[in-house]
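The first residue of the sequence shown is numbered 1, and numbering continues consecutively from there.
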Amino acid sequence: MGAPHLSVLLKEVVAAFEGMCITTFVDGTLGAGGHATALLQAHPEITQYIGIDQDPTALAIASARLELWKDQCRFVHANFSDIATVLAERQVASCDGILLDLGVSSMQLDTAERGFSINNPGPLDMRMNPNRTLTAAEIVNTWSERELAYLFRNYGEEKRWRQAASAIAKARQHQPLTTTQELVNLLYPILKDPRSSKGIHPLTLVFQALRIAVNEELDVLESTLKHAIDLLSPGGRLAVISFHSLEDRIVKQCFAYFASDKESTRGIAGVFKDKQPLLKMITRKPAMPSTEECAINPRARSARLRVVEKVGIEPQT
Ligand SMILES: C[S@@+](CC[C@H](N)C(=O)[O-])C[C@H]1O[C@@H](n2cnc3c(N)ncnc32)[C@H](O)[C@@H]1O
């Protein structure tokens, strides 16, 4: 059987931690354990690999796949926003490396019943953590037209956000929308762009917006990055793979702020308040997948990897 999920930018992730001596590593998005396998192979010195995922199915797949490293691995069902609590509960004060490979896995996309896929009809669900209550169906059927419009504009950057929200508001007066197919059938004629030749499905951005809202993906990202930076030991590294511009912007701005020696790069009336940088940029520009990787795994095409290192304490002279 092939891998249930092809890990994106695998070589680049391993390179991001190359040459480091890692005792404790936190993988905030364990998924199918593909990055975990490569990192554990590259760093036999790891004594504790803490793998977090909010999807219990992913944890079950990863734990079977990582059997060889069962003594080092801890599998934790949690949201990565709880990284500080997860570490505190295990009496771990700091760690040497952290990886966040954001978004959904192929297992989630390819399981029609999870409702993530535009092409595999399923219920309007989209929860990564099935224990949570908010589903895409609830959003589509109960949020006001105005709320839906802002959702499609702000989380989807969909140009026809108003038209999409208005069509949903009209359609649900007759009966609620319950499946991905119903949503696709309703919005396809409104969102399809006859001039577009990119081969991207017209509902991609609407599905993205719904998924982000259901899983509160952007709400937890910024706070998680701050906790992650806090928890790194001096010289430790944080690597983040994002899959769309909204995520990447949050990562880029957060890293730029903590790597800067100024409080604000804009300055107040031209005055820059100094501060101690907490981070060093390892990737000035994000690493992106090669043409070969995109050919093998088209889902990798929008991936961006950014890596930072926590600044070590300067020795006193
Ligand atoms: C792209 S996959 C990770 C794949 C993994 N790196 C591999 O190589 O197999 C993302 C995983 O992160 C999980 N995930 C996404 N957001 C999360 C969050 N806020 N907290 C915990 N897990 C999350 C998803 O459930 C999914 O299993």
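Between the CG atom of L205 and the CG atom of L191 there is a distance of 8.5 Å, given to the nearest 0.5 Å. Note that the CD1 atom of I118 and the OG1 atom of T204 stand 4.0 Å from one another [nearest 0.5 Å]. Annotation: the span from R65 atom CZ to S63 atom OG amounts to 12.0 Å, rounded to 0.5 Å. Here the CZ-OG distance, from F255 to S260, works out to 15.0 Å after rounding to the nearest 0.5 Å. Note that CD of E292 and CG of N297 are 13.0 Å apart. Values are rounded to the nearest 0.5 Å. To the nearest 0.5 angstrom, F25 atom CZ is 11.0 Å from I50 atom CD1.
Counting heavy atoms of neighbouring residues, nucleotides and ligands inside a 6.0 Å radius, atom CD of E157 exceeds 12 of them. For M288, the CE atom counts as loosely surrounded, since its 6.0 Å shell holds 12 or fewer non-hydrogen atoms of other residues, nucleotides or ligands. In the displayed structure, R153 atom CZ is contacted under 6.0 Å by more than 12 heavy atoms of other residues, nucleotides or ligands. The environment of K275 atom NZ is dense: over 12 non-hydrogen atoms of other residues, nucleotides or ligands sit within 6.0 angstrom. More than 12 heavy atoms of other residues, nucleotides or ligands lie within 6.0 Å of CD in E45, so this atom counts as buried by the packing criterion.
Under a 3.5 Å cut-off, the side chain of D101 and the backbone N or O of V240 do not form any donor-acceptor pair. Side-chain atoms of H77 come within 3.5 Å of backbone N or O of Q54 as a donor-acceptor pair. Here the side chain of T37 pairs a donor or acceptor atom with the backbone of G33 at under 3.5 angstrom. In this structure, K310 contributes its side chain and L232 its backbone to a donor-acceptor pair below 3.5 Å. Side-chain atoms of D82 never come within 3.5 Å of backbone atoms of A78 as a donor-acceptor pair (strictly under, hydrogens ignored). With E293 contributing its side chain and L9 its backbone, the two residues share a donor-acceptor pair below 3.5 Å. With E89 contributing its side chain and V86 its backbone, the two residues share no donor-acceptor pair below 3.5 Å.
Checked for salt-bridge contact, R132 and E216 meet the test: a charged N lies under 4.0 Å from a carboxylate O. With salt bridges taken as basic N to acidic carboxylate O contacts below 4.0 Å, none links D27 and R74. Between D248 and R306 there is a salt bridge, since a side-chain N of the basic residue sits under 4.0 Å from a carboxylate O of the acidic one. A salt bridge links D110 with R299: the distance from a Lys NZ or Arg NE/NH1/NH2 to an Asp or Glu carboxylate oxygen falls below 4.0 Å.
No donor-acceptor contact under 3.5 angstrom links the side chains of D261 and Q276, judged on distance only. In this structure, a donor-acceptor pair under 3.5 Å is absent between the side chains of Y155 and E217. Between the side chains of N119 and S117, no donor N or O sits under 3.5 Å from an acceptor N or O. Side chains of D96 and S233: a donor on one and an acceptor on the other come within 3.5 Å. Side-chain contact, N185 with Q181: a donor N or O sits under 3.5 Å from an acceptor N or O.
Between E247 and G103, the shortest heavy-atom contact is OE2-N, 4.3 Å.
F243 pairs by the ring-ring contact (aromatic ring centres under 6.0 Å, His included) definition with nothing, not counting sequence neighbours.
Two residues are said to be in side-chain contact when any heavy atoms from C-beta on lie closer than 4.5 Å; L40 and I46 meet this criterion. Contact of the H244 side chain with the S302 side chain is not registered, since no non-hydrogen atoms from C-beta on lie closer than 4.5 Å.
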T179/L183 under side chain to side chain contact (heavy atoms under 4.5 Å, CB included): CA gap, chis, key distance, verdict = CA-CA 7 Å; T179 67; L183 189 66; over 6 Å; no
Side chain to side chain contact (heavy atoms under 4.5 Å, CB included) between T24 and Y49, intermediate numbers included | CA-CA 6 Å; T24 303; Y49 193 98; over 6 Å; no
Before giving the answer on side chain to side chain contact (heavy atoms under 4.5 Å, CB included), spell out for M128 and V104 the whole-Å C-alpha distance, their side-chain angles and the decisive distance to 0.1 Å.
-> CA-CA 8 Å; M128 291 190 212; V104 277; 4.0 Å; yes
Would you please test C254 and I229 for side chain to side chain contact (heavy atoms under 4.5 Å, CB included) and show each step?
-> CA-CA 10 Å; C254 178; I229 293 165; 4.2 Å; yes
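Both M126 and V220 are members of a single hydrophobic cluster when ILVMFWY side chains are connected at heavy-atom separations under 4.5 Å. L99 and F258 are not part of a single hydrophobic cluster, where members link through side-chain heavy atoms under 4.5 Å apart. A continuous path of hydrophobic side-chain contacts links L148 to L134 [ILVMFWY only; heavy atoms under 4.5 Å]. By the criterion of side-chain heavy atoms lying less than 4.5 angstrom apart, applied directly or through intervening Ile, Leu, Val, Met, Phe, Trp or Tyr residues, L221 is grouped together with L279 in one hydrophobic cluster.
Below 30°, between 30° and 60°, or above 60°: for Y188 and H201 the angle between ring planes is above 60°, a perpendicular geometry.
Exactly one residue among T180, D125, D55 makes a side chain to side chain donor-acceptor pair (under 3.5 Å) with R114. That residue is D55.
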